[in-house]
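No experiment lies behind these values; they were computed from the predicted model shown. Values below: all heavy atoms of this structure, side chains included; hydrogens, waters and symmetry mates excluded.
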Amino acid sequence: AGRRVRTELNVIRVRPNRELCWRAGVPGVLVGEHSFFFTESAGKTTVRSEEPFSGVLAHRPWANVIERSAARVHNQMLSGFATHVRALR
């Protein structure tokens, strides 16, 4: 709590109403390409988040640690995103 990580994000793909993807990290060490995928069904939008990683920390023995940490961050981002969208209604 209270700690912040600042990083430069580069948007690499925007597919309107389908996907927003950005890349961030340290080349060769750990780079993630984070995507939000949007799907509409019955008047509601579902958001799915995924982030493949590359770099030395994306391989064993660090891969499991990175995956657990990323899952926690992804859940926080999706929760915050949902809270923001609900507040707009």
Problem - Trace of the side-chain contact (heavy atoms from CB on, under 4.5 Å) decision for F37 with V47 - result: CA-CA 6 Å; F37 294 98; V47 182; over 6 Å; no

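- In this view, R60 and N64 satisfy the side-chain hydrogen bond (donor to acceptor under 3.5 Å, both in side chains) rule, not counting sequence neighbours.
- Of the inter-residue distances, the one linking N10 atom CG with C21 atom SG reads 11.0 Å to the nearest 0.5 angstrom.
- The number of heavy-atom neighbours closer than 6.0 Å to CD of E8, taken from other residues, nucleotides and ligands shown, is 12 or below.
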Exercise for the section: Applying side-chain contact (heavy atoms from CB on, under 4.5 Å), run through E40 and N17 and close with a yes or a no. Expected result: CA-CA 9 Å; E40 187 175 337; N17 301 319; over 6 Å; no

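- At distances below 3.5 Å, at least one donor-acceptor pair connects side-chain atoms of T83 with backbone N or O atoms of S79.
- For F36, the ring-ring contact (aromatic ring centres under 6.0 Å, His included) partners are W22, H34, F81, not counting sequence neighbours.
- Side-chain heavy atoms closer than 4.5 Å link hydrophobic residues (I, L, V, M, F, W, Y) into clusters, and following such links, even through other members, never connects V31 to F53.
- Rounded to the nearest 0.5 Å, atoms OG (S49) and CD (Q76) are 12.0 Å apart.
- Within a 6.0 Å sphere centred on CZ of R18, heavy atoms belonging to other residues, nucleotides or ligands number 12 at most.
- Side-chain contact check for S35 and E19: at least one donor-acceptor pair (N or O, by modelled atom type) lies under 3.5 Å.
- Atom CZ in R48 sits 11.0 Å away from atom CZ in F38 (nearest 0.5 Å).
- At a threshold of 4.5 Å between non-hydrogen side-chain atoms, the residues L9 and R23 do not count as touching.
- Counting only heavy atoms from C-beta outward, the side chains of L30 and I66 approach each other to under 4.5 Å.
- L20 is listed as a side-chain neighbour of V11, based on a closest heavy-atom distance under 4.5 Å.
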